[in-house]
Asks: 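The structure is given below, and queries will be raised subsequently.
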Amino acid sequence: MSADKNEKNRAAFFDMITITVNGDKHDCEEGSTVENIIAMIGANSSKVAVVVNENIVPPEKRRNLKLHDNDQVEILAFAGGG
Amino acid sequence: MNDLKIDTYTFSSRLILGTGKFGNTRTMIDAIRASGSQLVTVALRRFNPDQPEDDLFSALTSIEGLTLMPNTSGASNAKEAVKAAHISRELSGSPFIKVEIHPNPQHLMPDPIETFEACRILASEDFLVMPYIPADPVLAKRLEDIGCASVMPLGSAIGSGQGLSTIDMVRLIIRDSNIPVIVDAGLRSPSEACAAMEMGCEAVLVNSAVAVAGNPVEMASAFAEAVNAGCRAKAAGIMPRSGAAIATSPLTSFLGKTS
């Protein structure tokens with residue numbers, strides 16, 4: 001591997017963060033927003049609630065709220081229940 | 001039948017339907033329509049990308065005039081229930097919350113202490129708090145005092161179909177209550193729902209009895225008729241019991257008899 005490629009790989013490595021979504025770890029690009037993560041798992045933003053590190057994230061804040069390494073994300077929806 | 005009034009909300013149906021255990025979403029929607037229910041419960045769960053057909057929210061919001069009452073099922077203490085309530089209100093926009101805290105999956109009996117604490121917090125945050133509780137008249141009164149919108153004593157264990165096994169305690173709760181009393185859990189058949197209404201419940205909440213029936217849509221309709229009948233009977237004034245027979249036909253002047 002050339003020194004140039006090594007440098008690129010190292011840059012790519014440091015540009016990634018690891019977050020936990022609904023209990024599963026995911027690697028994603030640094031700077032990813034809550035809306036990016038909702039899309040990543042295939043949910044419709046208008047039909048889910050999102051909690052990041054115990055804080056509810058309302059729909060109007062999801063586009064701009066960036067995630068950080070080790071963030072805990074919960075994406076929740078309604079299911080049948082009595 | 002008079003409307004059901006909970007706080008400032010009015011519902012023309014006194015049957016509250018749960019949305020769990022249905023074989024599929026189509027059947028659930030048809031059952032809700034057949035029941036005439038305007039208030040249905042839902043549960044909060046992690047989004048499951050493998051089950052996109054579980055888009056319950058879209059299905060339920062397609063029914064005009066339906067209000068959602070999220071529950072806190074899954075919470076094992078007050079803190080978890082309050083958190084679930086906040087998330088549910090964010091998602092549904094509904095002020096209603098069914099506080100349901102049952103830490104032991106073996107019997108699913110509600111925890112009265114954690115339930116009271118969760119209700120106290122949520123009532124102070126302007127939720128319309130509808131706690132699922134043991135049929136305890138003292139607890140019911142305490143929950144009324146802290147501002148709950150109703151109390152929902154269990155008829156018997158969740159999903160058990162054992163009917164109104166708590167009937168005597170529910171009578172006491174109704175007698176002392178100034179907020180709607182709604183029997184929740186354990187009802188098996190429409191006759192039990194009718195009996196609950198006849199004794200003075202303001203509504204009944206049914207899930208399993210409809211969802212696992214051979215024909216859930218038909219059963220939903222049957223429950224609606226039973227609730228209606230019980231409500232009308234209560235309003236009409238049910239005759240008192242008598243310890244002795246009281247003739248309905250004249251006992252005198254029969255044929256050739258002189259007295």
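To find a chain, count down the sequence lines: A is the first, B the second, and so on, and within it residues start at 1.
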Asks: Relative to chain A, which of Ile16(B), Thr61(B), Leu205(B), Thr41(B) shows the most heavy atom pairs under 4.5 Å?
Replies: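 Highest number of heavy-atom pairs under 4.5 Å: Thr41(B).
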
Asks: For atom CZ of Arg188(B), decide whether the heavy atoms of other residues, nucleotides or ligands shown that lie under 6.0 angstrom number more than 12.
Replies: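 No, CZ of Arg188(B) has 12 or fewer neighbouring heavy atoms, counting only those of other groups under 6.0 Å.
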
Asks: When rounded to the nearest 0.5 angstrom, what distance separates CG in Leu44(B) from CZ in Phe78(A)?
Replies: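 Between atom CG of Leu44(B) and atom CZ of Phe78(A) there are 6.0 Å.
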
Asks: Using non-hydrogen atoms only, which part of Val48(A) is less than 4.5 Å away from chain B: side chain, backbone, both, or neither?
Replies: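 Both parts, backbone and side chain.
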
Asks: Counting heavy-atom pairs under 4.5 Å to chain A, which of Leu91(B), Leu60(B), Asn207(B) comes out on top?
Replies: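 Result: the option with the highest number of such pairs is Leu91(B).
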
Asks: For Ala149(B), give me all partners under side-chain contact (heavy atoms from CB on, under 4.5 Å), at least two apart in sequence or on another chain.
Replies: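 Counting only residues at least two positions away or on another chain, Ala149(B) forms a side-chain contact (heavy atoms from CB on, under 4.5 Å) with Ile6(B), Leu128(B), Met130(B).
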
Asks: Gly20(B), Ser208(B), Ser58(B), Gly159(B): which one forms the most heavy-atom pairs within less than 4.5 Å of chain A?
Replies: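 Answer, by heavy-atom pair count under 4.5 Å with chain A: Gly20(B).
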
Asks: Against chain A, label Lys21(B) side chain, backbone, both or neither, depending on which of its atoms sit under 4.5 Å from a heavy atom there.
Replies: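 Answer is neither: Lys21(B) stays 4.5 Å or more from chain A.
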
Asks: How far does CD1 of Ile75(A) sit from CG of Asn48(B), to the nearest 0.5 angstrom?
Replies: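 These two atoms lie 12.0 Å from each other.
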
Asks: On a heavy-atom basis, which atom in Pro59(A) and which in Glu90(B) lie closest, and how many Å separate them?
Replies: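 In this case the closest contact between Pro59(A) and Glu90(B) is CD-OE2, 3.1 Å.
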
Asks: Checking Ile56(A) against chain B: side chain, backbone, both or neither under 4.5 Å from a heavy atom?
Replies: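 Side chain of Ile56(A) only, per the 4.5 Å heavy-atom cut-off to chain B.
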
Asks: Quick one: list whatever passes side-chain contact (heavy atoms from CB on, under 4.5 Å) with Arg46(B), sequence neighbours left out.
Replies: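 Only Asn22(A), Glu74(A), Leu76(A) meet the side-chain contact (heavy atoms from CB on, under 4.5 Å) criterion with Arg46(B).
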
Asks: Taking all atoms of both residues into account, what is the closest heavy-atom pair of Gly80(A) and Ala43(B), and its distance?
Replies: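 Gly80(A) and Ala43(B) have their closest heavy atoms at O-CB, 3.9 Å.
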
Asks: At under 4.5 Å between heavy atoms, what parts of residues 62-80 of chain B are in contact with chain A? List them by residue number.
Replies: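 Leu68(B), Pro70(B), Asn71(B) fall under the 4.5 Å cut-off.
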
Asks: Count the heavy atoms of every other residue, nucleotide or ligand shown that sit under 6.0 Å from CD of Glu54(A), and state whether that count exceeds 12.
Replies: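 No.
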
Asks: What closest approach, in Å, do Pro49(B) and Ile41(A) show between heavy atoms, and which atom pair accounts for it?
Replies: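 Answer, listing the atom of Pro49(B) first, then Ile41(A): CB-O, 3.3 Å.
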
Asks: Are there more than 12 heavy atoms of other residues, nucleotides or ligands under 6.0 Å from atom CD of Glu29(A)?
Replies: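 Open.
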
Asks: So which heavy atom on Ala79(A) is nearest to which on Arg45(B), and how close?
Replies: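 So the two residues come closest at CB-CG, 4.0 Å.
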
Asks: Which residues pass the side-chain contact (heavy atoms from CB on, under 4.5 Å) test with Ala185(B), sequence neighbours left out?
Replies: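 Result, side-chain contact (heavy atoms from CB on, under 4.5 Å) vs Ala185(B): Tyr132(B), Leu154(B), Ile158(B).
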
